[in-house]
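In what follows, a single structure is set out as structure tokens and then discussed.
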2 protein chains.
Amino acid sequence: MPVVLAMRKTPAGSVDQVDTSYLETLLGYNARRVSLTVIELFTQRMAAYDLSPVDFSILSLVVHNPGITSRQICGALALLPPNLVGKISIMEKRNLLARRSHPDDGRAIGLHLTDVGERLMLKAEKTATALEHEATSRLSAAEKKTLLKLLQKLYL
Amino acid sequence: MPVVLAMRKTPAGSVDQVDTSYLETLLGYNARRVSLTVIELFTQRMAAYDLSPVDFSILSLVVHNPGITSRQICGALALLPPNLVGKISIMEKRNLLARRSHPDDGRAIGLHLTDVGERLMLKAEKTATALEHEATSRLSAAEKKTLLKLLQKLYL
DNA sequence: TATTGTTATACTCTATAACTATA
DNA sequence: TATAGTTATAGAGTATAACAATA
């Protein structure tokens with residue numbers, strides 16, 4: 001079988017089909033491509049709640065960690081404190097979350113969801129779970145489990 | 001075993017250990033975390049050649065696809081044309097790559113590496129391969145192969 | 001002296017509209 | 001009419017320095 005013909009470049013020095021086989025051996029390239037693909041879908045679906053993927057992550061951390069501080073959110077999501085302030089202010093103005101004084105650290109502020117925020121996140125997390133199934137529809141349940149396990153081995 | 005105690009939150013409404021277990025079930029979160037981790041390392045190492053990870057990807061595409069056009073690079077790397085122009089100009093000024101008229105499309109410009117660019121990328125791709133082993137040192141060869149295969153199923 | 005939250009600000013990345021020259 | 005490359009520019013994301021209040 002003339003594999004060379006299938007791979008062949010068109011005329012003199014022009015490229016027919018782009019060969020990305022080298023980049024595909026690099027983890028960073030693959031992780032970035034998947035990240036872009038999934039986050040684009042995530043962005044589309046979360047637009048219904050007027051939440052960016054990062055907004056969703058922040059609120060989700062507050063759901064599962066009532067009283068969490070800005071600093072802790074920054075640590076968990078690899079954000080910088082100055083870049084979190086505005087996002088929290090906006091979500092406070094939207095009445096999605098509330099700041100309460102921290103029980104045993106006067107410098108810190110504990111974050112909590114309002115009832116409105118709770119109801120929004122109940123729906124948003126359902127949407128995220130549905131989207132998750134969609135984005136991984138090409139994988140079996142076992143493959144998805146393996147994928148998450150391997151990814152977590154790399155950063156956790 | 002009192003698992004509840006290990007999971008327990010400190011005092012009234014404050015958070016001891018942040019619980020990220022829900023986010024860890026989401027592919028987008030995991031892919032982004034790995035992407036950030038690997039790209040940070042990539043950025044550090046490629047600084048020796050004064051190349052960003054994207055610069056490296058662009059030059060690598062030219063290495064393996066001499067005569068490739070801007071448009072084709074944009075498609076392969078999910079970049080927008082206006083954001084590629086400046087990068088190519090800079091690399092042309094650094095004498096890493098050259099623009100030549102496209103053999104059969106007067107609108108297009110074929111990109112080629114200069115000798116300087118060839119020599120740089122020979123070293124840079126070696127660095128990338130080494131870095132790759134480092135970043136995936138927690139995985140066996142079989143696990144890495146599986147990981148890349150699963151990631152590619154999601155975007156290719 | 002160190003840390004939390006904050007402001008101000010700069011820098012980079014990403015996105016959109018519009019132009020030109022070729023097809 | 002459509003496409004390749006380009007310009008200008010706007011917007012989002014990411015970065016550092018410095019300050020007040022508290023530890």
Side-chain angles (χ1 to χ4, degrees), chain A residues 10-11 14-16 18 32-33 35-37 39-40 42-44 46-47 50-58 62 67-93 97-111, chain B residues 10-11 14-15 18 28 32-33 35-37 39-40 42-44 46-47 50-58 62 67-93 97-111:
Chain A
T10 27
S14 80
V15 176
D16 181 12
V18 177
R32 178 168 179 265
R33 289 301 296 253
S35 175
L36 288 176
T37 304
I39 287 172
E40 189 186 342
F42 214 97
T43 302
Q44 286 170 11
M46 287 300 153
D50 198 17
L51 295 177
S52 72
V54 174
D55 291 339
F56 172 85
S57 301
I58 294 167
V62 181
I68 192 172
T69 68
S70 291
R71 227 61 195 202
Q72 290 176 313
I73 290 177
C74 286
L77 298 181
L79 300 175
L80 291 171
N83 302 328
L84 185 58
V85 176
K87 295 180 197 300
I88 289 179
S89 297
I90 288 169
M91 295 198 272
E92 200 181 13
K93 273 172 198 140
L97 49 79
R99 308 181 204 220
R100 298 192 202 146
S101 56
H102 194 278
D104 42 46
D105 188 338
R107 299 168 302 180
I109 293 169
L111 297 171
Chain B
T10 27
S14 80
V15 175
V18 177
R32 178 169 179 265
R33 290 301 296 253
S35 174
L36 288 176
T37 303
I39 287 173
E40 189 186 344
F42 213 98
T43 301
Q44 286 170 10
M46 287 301 152
D50 198 18
L51 296 177
S52 71
V54 173
D55 291 338
F56 171 86
S57 301
I58 294 167
V62 181
I68 192 173
T69 68
S70 291
R71 230 53 198 207
Q72 290 176 311
I73 290 177
C74 286
L77 299 181
L79 300 176
L80 291 172
N83 301 328
L84 185 57
V85 177
K87 296 179 197 300
I88 289 180
S89 297
I90 288 169
M91 295 199 271
E92 199 181 12
K93 272 171 199 140
L97 50 78
R99 308 181 204 219
R100 298 192 202 147
S101 56
H102 194 277
D104 41 47
D105 188 339
R107 298 167 303 181
I109 294 169
L111 297 171

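The figures that follow rest on heavy atoms only: side chains count, while hydrogens, waters and symmetry mates do not. For clarity, every value in this text was computed on a predicted model and none was experimentally measured. Quick note on labels: first sequence line is chain A, next is B, and so on, each numbered from 1.
When every heavy atom of Cys74(B) is checked against every heavy atom of Leu84(B), the shortest pair comes out as SG-CD2, 3.6 Å. Nearest heavy-atom pair, Val15(A) versus Ile68(B), reported as atom, atom and distance to 0.1 Å: CG2-N, 3.5 Å. Scanning both residues, His102(A) and Gly67(A), for their nearest heavy atoms gives CD2-O, 4.4 Å. The two residues Arg32(B) and Ser35(A) have their closest heavy-atom pair at CA-OG, 3.8 Å. Closest of all the heavy-atom pairs between Pro53(A) and Thr43(A) is CG-OG1, 3.4 Å.
The base of dT3(D) lies close enough to the side chain of Arg107(B) for a donor and an acceptor atom to sit less than 3.5 Å apart.
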Verdict with reasoning, Met46(B) to Asp55(B), per side-chain contact (heavy atoms from CB on, under 4.5 Å): CA-CA 9 Å; Met46(B) 287 301 152; Asp55(B) 291 338; over 6 Å; no
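Per the geometry, CG belonging to Leu97(A) stands 13 Å off P belonging to dG5(C), to the nearest Å. The CD1 atom of Ile73(B) sits 13 Å away from the P atom of dA4(D) (whole-angstrom rounding). Atoms CD1 (Ile58(A)) and P (dG13(D)) sit 10 Å apart, rounded to a whole Å. Going from atom NE2 of His102(B) over to atom C1' of dT22(C) covers 13 Å, rounded to whole Å. For the pair Gln72(B) CD and dG5(D) C1', the computed distance is 13 Å after rounding to whole Å. For the pair Arg71(B) CZ and dA2(D) P, the interatomic distance rounds to 14 Å; values are reported in whole Å. Across the protein-nucleic acid pair, Leu79(A) atom CG and dA12(D) atom P stand 17 Å apart, rounded to whole Å. Note: CG (Asp105(B)) to C1' (dA2(D)) measures 12 Å, nearest angstrom.
Nucleotides of DNA chain D nearest to Ser52(A) and Ser70(B) differ in position, and the one nearer the 5' end is that of Ser70(B).
For Ala108(B), the listed nucleotide lying nearest its side chain is dA4(D); candidates were dA4(D), dT14(D), dG5(C). With distances taken from any side-chain atom of Ile109(B) to the nucleotides dT6(D), dA2(D), dG5(C), the minimum falls on dT6(D).
Residue Arg100(B) qualifies as open at atom CZ: its count of foreign heavy atoms under 6.0 Å is 12 or below.
At a non-hydrogen distance threshold of 4.0 Å, Leu80(B), Pro82(B), Asn83(B) from residues 80-90 of chain B come into contact with DNA chain C.
Contact annotation for Thr69(A): backbone-only contact, meaning every heavy-atom pair under 4.0 Å involves sugar-phosphate atoms and none involves a base.
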